[in-house]
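Right, one structure below, let's go through it.
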Amino acid sequence: MGYELFISWRYLRAKRKQIFISIISLISISGVALGVAALIITLSVMNGFRKDLREKIIGMSSHIVVLDQRNIGLEGPEIAQKKIEKIESVVATAPFVYGQAILKNGDKTAGAVIKGIFPEETKKVAGLLTHLKEGNIDYLEPSLKEKSDFQSKIPLKNPGKRENGIVLGAELAKNLGLFLGMNVLLISPMDVGTQWGMIPRMENFRVVGIFDSGMYEYDASLAYIFFPVAQKLFNLGERATGLEVKIDNIFFADKIAAVIQKELGYPYWARSWMVTHKNLFAALKLEKVTMFVILVLIVLVAAFNIISTLTMMTMEKTKDIGIFKAMGALRSSILKIFLLEGLIIGGVGIIIGTVVGYTACHLLGKYQFIKLPQDVYYISSLPVHVQGTDFIYITLVVVIISLMATIYPAYKASRLDPCEAIRYE
């Protein structure tokens, strides 16, 4: 150990005559530790929000959506499917129909977004199956089967009639008072001509599944039905609202979307999940940067404590500095002694803050004891995701701030005249 480091460490250790300086040193270390812990916890929570939202949003939709720019639906979606599936990195595609309708159960009604899908194809594209809490999406297709596991547990309401199936979000089912096997009336805004004139199209559906994505927006407003049934309800004929595309790497979605757009041309329009939810993720990113800047102020407050600690120590050690210089110590050595003191305070604070911050993040992630209201936030509990790069950035910022805080006191100490320092002692 160099003598500069040895002396720096000795100066920070408590002695009777220097107990006040040692207490201030501990306060400085605590301030740095508090700032580091706050930065780690806050940035990890922000990372958790982004990661959790990304996984849930992509899990319920797809990486890329292909739509019609004319807003009339895709004609011959199977042709576009074949072209898209030939593109490198594309894993699977599935057509879908989107529309709005009213669901009615007795005196309870609720507006819903209706999505028509082919169960087998959608399983390959979106993660609906992983969010299914009850039932089976295979029963979306109208069927007369009575020997399946599902039908044996919940008999058909009308055994001689084909029944349309519907899968509801958990909150939507709760609001309508629906359970697995119950019937619900779907009222489409598309009119149908009858002998009494034009009336809204209405169909009875049987609840064959309930999903819980963990995102209130989806769970309270989304319902799935069979693709051809949705085409009929929304008067689309043989058209589809769009195509969902799954790729092998979600972070290349923008590039693959551009390739799809180029391959299909007009009137097709390819949008990645990054574009669809751009505002949400941009806001989260900006909030993370803002929180980082605000919490760095805590470290700056601790830096002022470091300045006061080293300034008082310089005044306390004036005689020692004079003796060191009289013995031949260079100005650079005196400067190094006090610089090292500031770095020791910052370093110890970083270590303590990192341990506290990581422990808090681990407990938050494991036990999820901080719950969030789902009608306000997208998720039910406070998410945490620790990133190694955040530790590096925090450490660099705190070390730089600690070093800058030591420059002035260390410079003043190195400029002391040994004769003047010893004379007044």
Test side-chain contact (heavy atoms from CB on, under 4.5 Å) on E203 and N164 and set out the steps.
CA-CA 8 Å; E203 292 282 348; N164 296 316; 3.8 Å; yes
Check the pair F96 / F118 against ring-ring contact (aromatic ring centres under 6.0 Å, His included), numbers first and verdict last.
CA-CA 8 Å; F96 68 90; F118 287 111; over 10 Å; no
Test side-chain contact (heavy atoms from CB on, under 4.5 Å) applied to E121 and Q81, step by step
CA-CA 11 Å; E121 294 187 29; Q81 270 187 276; 3.4 Å; yes
Which is it for V184 and N204 under the side-chain contact (heavy atoms from CB on, under 4.5 Å) test, yes or no, and what are the steps along the way?
CA-CA 6 Å; V184 61; N204 272 305; over 6 Å; no
Step by step, work out the side-chain contact (heavy atoms from CB on, under 4.5 Å) result for V384 and I41.
CA-CA 8 Å; V384 178; I41 294 169; over 6 Å; no
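For the atom pair CD1 of I344 and OG of S28, the computed distance is 13.0 Å after rounding to the nearest 0.5 Å. Of the inter-residue distances, the one linking I247 atom CD1 with H63 atom NE2 reads 6.5 Å to the nearest 0.5 angstrom. For the atom pair Y411 OH and T406 OG1, the distance stands at 14.5 Å (nearest 0.5 Å). Here the CD1 atom belonging to I187 is positioned 14.5 Å from the CD atom belonging to Q100, to the nearest 0.5 angstrom. Taken from CG in L335 to CD1 in I407, the straight-line distance is 8.5 Å, to the nearest 0.5 Å. Residue S213 holds its OG atom at 9.5 Å from CD of E171, rounded to the nearest 0.5 Å.
The shortest side-chain heavy-atom distance between V245 and V65 does not fall under the 4.5 Å cut-off. Between H385 and S44, the closest side-chain pair of non-hydrogen atoms is not below 4.5 Å. Considering only heavy atoms from C-beta on, P119 comes within 4.5 Å of L140 through its side chain. Looking at heavy atoms from C-beta onward, I256 lies in side-chain contact with I64 at the 4.5 angstrom threshold. Under the 4.5 Å side-chain criterion, counting only non-hydrogen atoms from C-beta, L186 is in contact with I114. In this structure, the side chains of N136 and V208 stay at 4.5 Å or more apart for every pair of heavy atoms. Annotation: side chain of V66 is not in contact with side chain of W269 (no heavy-atom distance under 4.5 Å). The closest side-chain heavy-atom distance from E263 to I84 is not below 4.5 Å.
The backbone N or O of L176 sits less than 3.5 Å from a side-chain atom of N105, completing a donor-acceptor pair. A donor-acceptor pair under 3.5 Å is absent between the side-chain atoms of W273 and the main chain of A253, judged by distance alone. The backbone N or O of A270 lies less than 3.5 Å from a partner atom in the side chain of Q261, making a donor-acceptor pair. Using a distance-only test at 3.5 Å, with no hydrogens or angles considered, a donor-acceptor pair links the side chain of S188 to the main chain of L233. Between the N47 side chain and the V386 main chain, no donor and acceptor come within less than 3.5 Å of each other. A side-chain donor-acceptor contact under 3.5 Å links Q231 to the backbone of R239.
Checked for salt-bridge contact, K123 and D138 meet the test: a charged N lies under 4.0 Å from a carboxylate O.
Put simply, the residue from V229, N183, L185 that forms a side chain to side chain contact (heavy atoms under 4.5 Å, CB included) with F205 is V229.
The environment of CD in Q387 is crowded: more than 12 heavy-atom neighbours from other residues, nucleotides or ligands sit within 6.0 Å. Within a 6.0 Å radius of CD1 in I102, no more than 12 heavy atoms belonging to other residues, nucleotides or ligands are found. Shown here is E88, whose CD atom has no more than 12 heavy atoms of other residues, nucleotides or ligands within 6.0 Å.
Summarising the geometry of L168 relative to A223, their closest heavy-atom pair is CD2-CB, 3.6 Å, with the distance given to 0.1 Å. L74 and T241 make their closest contact through CG-O, 4.2 Å (heavy atoms, listed as atom of the first residue, atom of the second, distance). Across all their heavy atoms, R70 and P267 have their closest contact at NH2-CG, 3.5 Å. Across all their heavy atoms, I210 and V207 have their closest contact at CG1-CG1, 4.1 Å. The two residues I40 and G353 make their nearest non-hydrogen contact at CD1-O, 4.1 Å. Heavy-atom minimum distance, S402 versus G346: OG-CA, 3.5 Å.
Using bins of under 30°, 30° to 60° and over 60° for the plane-to-plane angle, the ring pair Y224/F211 lands in the perpendicular bin.
Figure legend: cation-pi geometry between K115 and Y98 absent, as NZ or CZ is not positioned both under 6.0 Å from the six-membered ring centre and within 45° of its axis.
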